[in-house]
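Throughout, a chain's letter reflects where its sequence line sits, starting with A, and its residues are numbered from 1. Below, each value reflects all heavy atoms present in this structure, side chains not excepted, and no hydrogens, waters or symmetry copies. Small disclaimer: the values here were computed from a predicted structure and weren't measured.
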There are 2 protein chains.
Amino acid sequence: MSEDDERARRELALLLRRLTVELDAVGQRFAQRHGLNRTDVRALVAIMDAARRGEELTAGRLGEAVELRSASVTALVDRLEKVGHLRRARDAEDRRRVVLQMSDSAMAAGAEHFGGLARDLSAAMEGYTPDELAVVRRFLVEMTDVIVAHARTPEPQE
Amino acid sequence: MSEDDERARRELALLLRRLTVELDAVGQRFAQRHGLNRTDVRALVAIMDAARRGEELTAGRLGEAVELRSASVTALVDRLEKVGHLRRARDAEDRRRVVLQMSDSAMAAGAEHFGGLARDLSAAMEGYTPDELAVVRRFLVEMTDVIVAHARTPEPQE
DNA sequence: TCGAAAGTCTCGATCATCGAGAGATTAGGT
DNA sequence: ACCTAATCTCTCGATGATCGAGACTTTCGA
């Protein structure tokens, strides 16, 4: 393997990092625009993702999704409910549970912001052949696997 | 364009998001392992990046890098200095400035954690031809451009 | 039916961040 | 050489996000 190859691979790794930074900034922008913080946005996204799967999140499941303790979830839901982005509803089947229902306006705002990005990304992908997209797909899957291994694996001892 | 193409593109967008989530988790893991928070890690990474460019960061520039006000930077540097990850030094040329010098141990820990990931990513990229990597590179650059446009652009009015 | 478990909430404490402003140093115009 | 304005960092007090401990309600299982 040549040094140029090595440099090219290093550059790709940096591109991946840059992409994550900028994608984070998209959420950050949504947060600022709506007077929310990072956690609030993550929560709304988690609820939207669940809704797209046809599920409703309970407070507890939301806490798992955004990695917060129950006390913090209560405060989080209080914040979002106060500004009208969602409302609590007792689960009829298990009255201990609180299911979170996103308001139509919040759902629309989220779709506007993040859906618009998805559209633009999809449009930009039209400049690639199916074979090229397949290569990209394989690349992203493999890199994600490597990253996941690093995020979950114990520090190597040497 | 077929529906399969559309679905493939949507899946790629989701893969990009998943990758960012997992890459974030890598930093999160470093934070937990060293008793730091997200901001602290971002700060150390910024200082390491600068060091790789042969620069030293001042308190003010670090604040720009991690988007904190000066009061918060002072607190941040206090935290990192207290645990020995860096030390303050007055800039000899401009004595208003405080230059931040990362300790060798912190630098080593960062290189271990993030450098290891970079190595593994690079190794995983050996399974691709130069042409394939060129396609991936073009893809990442273009997608990042689209994302940046979305992070900086005003909301479209419709 | 009764005790344990699950789900959420309340309360008080802790910590990260900020705005306002102080203090020190440098830059620029005269 | 001055003097003012600008720059850089820090201090202080306030605000807000998060947490642990524990209370309360509801469900589950023996």
Side-chain angles (χ1 to χ4, degrees), chain A residues 24-25 27-32 34-47 50 55-83 85-102, chain B residues 24-25 27-32 34-47 50 55-83 85-102:
Chain A
D24 227 60
Q28 182 64 29
R29 182 172 179 81
F30 184 80
Q32 284 180 339
H34 293 86
L36 304 173
N37 62 34
R38 173 182 158 83
T39 297
D40 298 342
V41 175
R42 288 217 299 155
L44 291 178
V45 168
I47 295 175
E55 299 175 20
E56 282 186 318
L57 285 190
T58 65
R61 285 192 177 281
L62 175 62
E64 294 169 10
V66 299
E67 292 169 290
L68 286 183
R69 301 297 154 202
S70 74
S72 308
V73 174
T74 298
L76 163 64
V77 173
D78 283 349
R79 291 196 299 273
L80 293 177
E81 193 172 34
K82 181 175 302 183
V83 297
H85 286 336
L86 54 81
R87 61 182 183 283
R88 290 170 158 95
R90 278 285 161 193
D91 186 332
E93 301 185 358
D94 184 343
R95 296 177 39 71
R96 291 170 302 182
R97 283 201 263 259
V98 166
V99 305
L100 305 172
Q101 302 170 330
M102 233 173 120
Chain B
D24 227 59
Q28 183 63 27
R29 182 171 179 81
F30 183 81
Q32 284 180 340
H34 292 86
L36 304 173
N37 62 36
R38 171 183 161 83
T39 298
D40 297 343
V41 174
R42 290 216 299 155
L44 291 177
V45 168
I47 296 174
E55 299 174 20
E56 281 185 320
L57 285 191
T58 64
R61 284 189 179 283
L62 175 62
E64 294 169 10
V66 299
E67 293 168 289
L68 286 183
R69 303 296 154 202
S70 74
S72 309
V73 174
T74 298
L76 163 64
V77 173
D78 283 348
R79 290 197 299 271
L80 293 177
E81 194 174 33
K82 182 175 299 183
V83 297
H85 286 336
L86 54 80
R87 61 182 184 283
R88 289 171 159 94
R90 278 285 161 190
D91 186 332
E93 300 184 358
D94 184 342
R95 296 176 39 73
R96 290 170 303 184
R97 284 201 262 258
V98 166
V99 305
L100 305 172
Q101 301 169 331
M102 233 174 120

Expressed in angstrom and rounded to an integer, what is the separation of [X] atom [atom1] from [N] atom [atom2]?
X       : N      : atom1 : atom2 : answer
A:Asp94 : D:dC28 : CG    : C1'   : 10 Å
B:Glu93 : D:dT7  : CD    : P     : 19 Å
A:Leu68 : D:dG16 : CG    : P     : 18 Å
A:Arg69 : D:dG22 : CZ    : P     : 17 Å

**Asked** Does B:Thr74 or A:Glu67 map to a spot on DNA chain D nearer the 5' end, using the closest nucleotide for each?
**Response** B:Thr74
**Asked** For A:Arg95 and D:dT26, is the shortest distance between a side-chain N/O and OP1 or OP2 below 4.0 Å?
**Response** yes
**Message:** Is there a side-chain contact between B:Arg88 and the phosphate of D:dC10, meaning an N or O under 4.0 Å from OP1 or OP2?
**Reply:** yes
**Message:** Rounding to 10°, can you tell me the angle the first-five-pair axis of the helix from C:dT1-D:dA30 to C:dT30-D:dA1 makes with its last-five-pair axis?
**Reply:** 30°
**Prompt:** What is the nucleic acid contact for A:Leu76, judged by heavy atoms within less than 4.0 Å: base, sugar-phosphate only, or nothing?
**Reply:** nothing
**Asked** Going by number, which of residues 55-62 of chain B have a non-hydrogen atom under 4.0 Å from DNA chain D?
**Response** B:Thr58, B:Ala59, B:Gly60
**Item:** Interface limits on DNA chain C, where chain B has a heavy atom under 4.0 Å of a nucleotide atom
**Value:** C:dA16 to C:dT26
**Fill in**
Residue set satisfying salt bridge (Lys or Arg N to Asp or Glu O under 4.0 Å) with B:Asp94, at least two apart, ordered chain then number -> B:Arg96, B:Arg97
**Asked** For B:Asp24, which residues count as a salt bridge (Lys or Arg N to Asp or Glu O under 4.0 Å) partner, sequence neighbours excluded?
**Response** A:Arg38, B:Arg38
**Asked** Looking at DNA chain C, which of residues 37-47 of chain A put a heavy atom within less than 4.0 Å of it?
**Response** none
